[in-house]
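Please read the structure below before turning to the comments.
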Amino acid sequence: MNFQIIITSWYQANHRNLPWRASTDPYVIWLSEIILQQTRVEQGLPYFNRFLAAFPTVRDFAGASETEILKLWQGLGYYSRGRNMLYTAREVMELHEGVFPVAYDALIRLKGIGAYTAAAISSFSSGESRAVLDGNVFRVLSRYFGIDIPINSTAGKSTFSTLSQSLIEGQDPAVYNQAIMEFGALQCKPKSPNCAVCPLQDGCAAYAGNLVNHLPVKLKTVKVKTRYLNYLFCLKDGQVLVNKRIKEDIWQHLYDFPHIETSHAAEPGDPEFSSSLQEMFGKDVVLRPLMEMKHLLTHQIIYVKFFALDNYITNFSMDAEVNWVSWQELDELPQPKILTKFIQSVNINS
DNA sequence: AAAACGGGGCC
DNA sequence: GGCCCAGTTTT
């Protein structure tokens, strides 16, 4: 038996029942695929269900506001995915008259849809023969064929892309694509794959060469940087001062509090901190330390301090992105995880 | 070619 | 603490 037959038979016997697999609607597939980018199935699943319930069609999606989309996206991360989806939904309404494209060449032009997602949507919705290449496929192929070219290098992407496309020829594209990804997710896992009962054990180069734990090879790149954010929690007449994050930075278009970033952990009397506060408020203000948190992102370690400003804020120079809102309004705004945590603990302690 | 972009689970 | 997850976009 060849590689493809073993993979697809394994899939028939072992696959999970995932809701998006029940549909060939390109809109539904699109929804699931964007949500699942760099995201585990278990984490994305509830988001998929909520989005589909809220927006059954691309027309419904296109009619939403960005805040609405980001609020539903809250907690999932990589928020540009949500913003790009809204852009693309509107594009589909205007350019394709509300009919979601199924052809790879049309899909690849849409914002937020890259090579992987275009292959996934086109193969699942219309049976176009485009091999998906995601983390699972890289891993399965590099192990089975014993390829040690780094999967995140240009040469690696090219090599694996050619190989995977050659393997899908003659197969049912939708089934084969699902099968190889599911095989990578459940059987050929990154850590402690179950080689003892693997149906591909016979032809597996990594197994034969005892290289399973060394493949795939990946170039490490990410430099983690450390940041210090000092949040200013301003309350007045039951309203909270919120800030819309409009800069090119993490959490773009989400809402948090006005804050001052310092180059190091800052105490209220710190010169750098104080001068920024002076600039922001036009006079000295008194801070009351509330809480400290450490927030971990893939490439940032953020030390967060929350301070209360109980008064002194009458002269606050309001930027366009800063606004007073009620607790109720704040709750309806999309916000970073760290802020949700803070708000919860304030509610518990009050 | 490299960096930026979240949050969570697992070892 | 490091790695990885149904990747894409920007620099």
Side-chain angles (χ1 to χ4, degrees), chain A residues 15-16 18-21 29-48 70 73-85 87-88 107-121 123-124 130-140 150-158 160-161 164 174 177-186 188-193 213-225 227 245 247-254 256 294-302 334-341:
Chain A
H15 69 81
R16 296 167 289 185
L18 301 173
W20 44 85
R21 291 205 183 120
I29 310 286
W30 171 69
L31 206 52
S32 71
E33 291 301 339
I34 305 290
I35 287 174
L36 291 172
Q37 286 169 4
Q38 293 293 283
T39 304
R40 291 168 195 282
V41 164
E42 310 81 66
Q43 189 188 4
L45 191 48
Y47 285 85
F48 170 80
L70 289 176
W73 202 273
Q74 179 176 300
L76 195 55
Y78 287 161
Y79 297 93
S80 64
R81 289 183 291 171
R83 290 187 281 114
N84 287 339
M85 284 183 93
Y87 184 94
T88 288
L107 291 162
I108 195 76
R109 301 170 194 273
L110 298 172
K111 197 167 282 191
I113 297 182
Y116 163 77
T117 306
I121 300 175
S123 65
F124 299 152
R130 298 279 186 168
V132 293
L133 195 49
D134 74 333
N136 293 307
V137 179
F138 276 118
R139 186 170 55 255
V140 172
I151 59 173
N152 55 343
S153 65
T154 305
K157 286 173 199 161
S158 164
F160 283 96
S161 174
S164 68
N177 275 339
Q178 292 283 10
I180 190 167
M181 287 196 287
E182 192 78 336
F183 187 83
L186 301 183
C188 196
K189 297 179 292 186
K191 298 289 179 188
S192 55
N213 294 321
H214 299 282
L215 293 175
V217 173
K218 199 170 186 177
L219 301 169
K220 50 181 65 177
T221 49
V222 197
K223 297 191 286 282
V224 177
K225 81 172 174 184
R227 301 175 69 175
R245 299 182 60 86
K247 296 197 183 68
E248 304 238 334
D249 194 1
I250 53 173
W251 305 323
Q252 201 175 17
H253 290 198
L254 273 62
D256 59 1
K294 183 178 179 181
H295 193 64
L296 300 173
L297 305 182
T298 300
H299 46 274
Q300 294 188 17
I301 302 172
I302 310 177
Q335 54 202 229
K337 204 75 178 173
I338 186 87
L339 210 76
T340 308
K341 269 198 233 173

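Among the heavy atoms of the strands lying under 4.0 Å from A:L18 is at least one base atom, whether or not backbone atoms are also near. In this structure, A:W73 reaches neither bases nor backbone, as no heavy-atom distance under 4.0 Å exists between it and the strands shown. Among the atoms of the strands shown, only primed sugar atoms or phosphate atoms (P, OP1, OP2) are found under 4.0 Å from some heavy atom of A:G114. Within 4.0 Å of A:K191, counting heavy atoms only, lies no atom of the nucleic acid at all. Within the nucleic acid shown, A:T117 comes within 4.0 Å of sugar-phosphate atoms alone, with no base atom in reach, counting heavy atoms only. Heavy atoms of A:R21 sit under 4.0 angstrom from at least one base atom. Looking at heavy-atom distances under 4.0 Å, A:I34 makes no contact with the nucleic acid at all. Nucleic acid contact for A:G75: sugar-phosphate only, since backbone atoms but no base atoms lie under 4.0 Å from a heavy atom of the residue.
When the P atom of B:dG6 is taken as reference, atom CG of A:D256 falls 12 Å away, rounded to whole Å. Atom CG of A:L297 and atom C1' of C:dG2 are 16 Å apart (whole Å). Counting to the nearest Å, the P atom of C:dG7 and the CZ atom of A:R130 are 19 Å from each other. Taking atom OH on A:Y116 and atom C1' on C:dT9, their separation rounds to 18 Å, with Å as the unit. Rounded to an integer number of Å, the gap from CG of A:L110 to C1' of C:dG7 is 16 Å. For the pair A:H214 NE2 and C:dC3 P, the computed distance is 14 Å after rounding to whole Å.
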- Test side-chain contact (heavy atoms from CB on, under 4.5 Å) on A:T117 and A:L107 and set out the steps. CA-CA 8 Å; A:T117 306; A:L107 291 162; over 6 Å; no

Using a cutoff of under 3.5 Å, can you pull out all pairs of nitrogen or oxygen atoms linking the protein to nucleotides 2-5 of chain B, with atom names and distances?
| residue | atom | partner | partner atom | Å |
| --- | --- | --- | --- | --- |
| B:dA3 | OP1 | A:K223 | NZ | 2.7 |
| B:dC5 | OP2 | A:Q300 | NE2 | 3.2 |
| B:dC5 | N3 | A:Y78 | OH | 3.3 |

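Taking only side-chain nitrogens and oxygens, A:K220 comes nearer than 4.0 Å to OP1 or OP2 of C:dC3. For B:dG7, one of the phosphate oxygens OP1 or OP2 lies less than 4.0 angstrom from a side-chain nitrogen or oxygen of A:H295. Between C:dG7 and A:Q38, a contact under 4.0 Å exists linking OP1 or OP2 to a side-chain N or O. Dashed line: the shortest gap from a side-chain N or O of A:R81 to OP1 or OP2 of C:dT9 is not under 4.0 Å.
Distances from the side chain of A:R139 to the nucleotides C:dA6, C:dC5, C:dT8 place C:dC5 closest.
Side chains of A:R81 and A:Q37: no donor on one and acceptor on the other come within 3.5 Å.
With DNA chain B read from its 5' end, the first of the two nearest nucleotides for A:Q43 and A:A155 is the one closest to A:A155. Nearest-nucleotide positions on DNA chain C for A:N84 and A:S32 put A:S32 closer to the 5' end.
Under a 3.5 Å cut-off, the side chain of A:Y47 and the backbone N or O of A:Q74 do form a donor-acceptor pair.
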All N/O donor-acceptor pairs, side-chain side in residues 334-341 of chain A, below 3.5 Å, sequence neighbours left out:
| residue | atom | partner | partner atom | Å |
| --- | --- | --- | --- | --- |
| A:Q335 | OE1 | A:T340 | OG1 | 3.2 |
| A:Q335 | NE2 | A:L330 | O | 3.2 |
| A:Q335 | NE2 | A:L333 | O | 3.2 |
| A:T340 | OG1 | A:P336 | O | 3.3 |

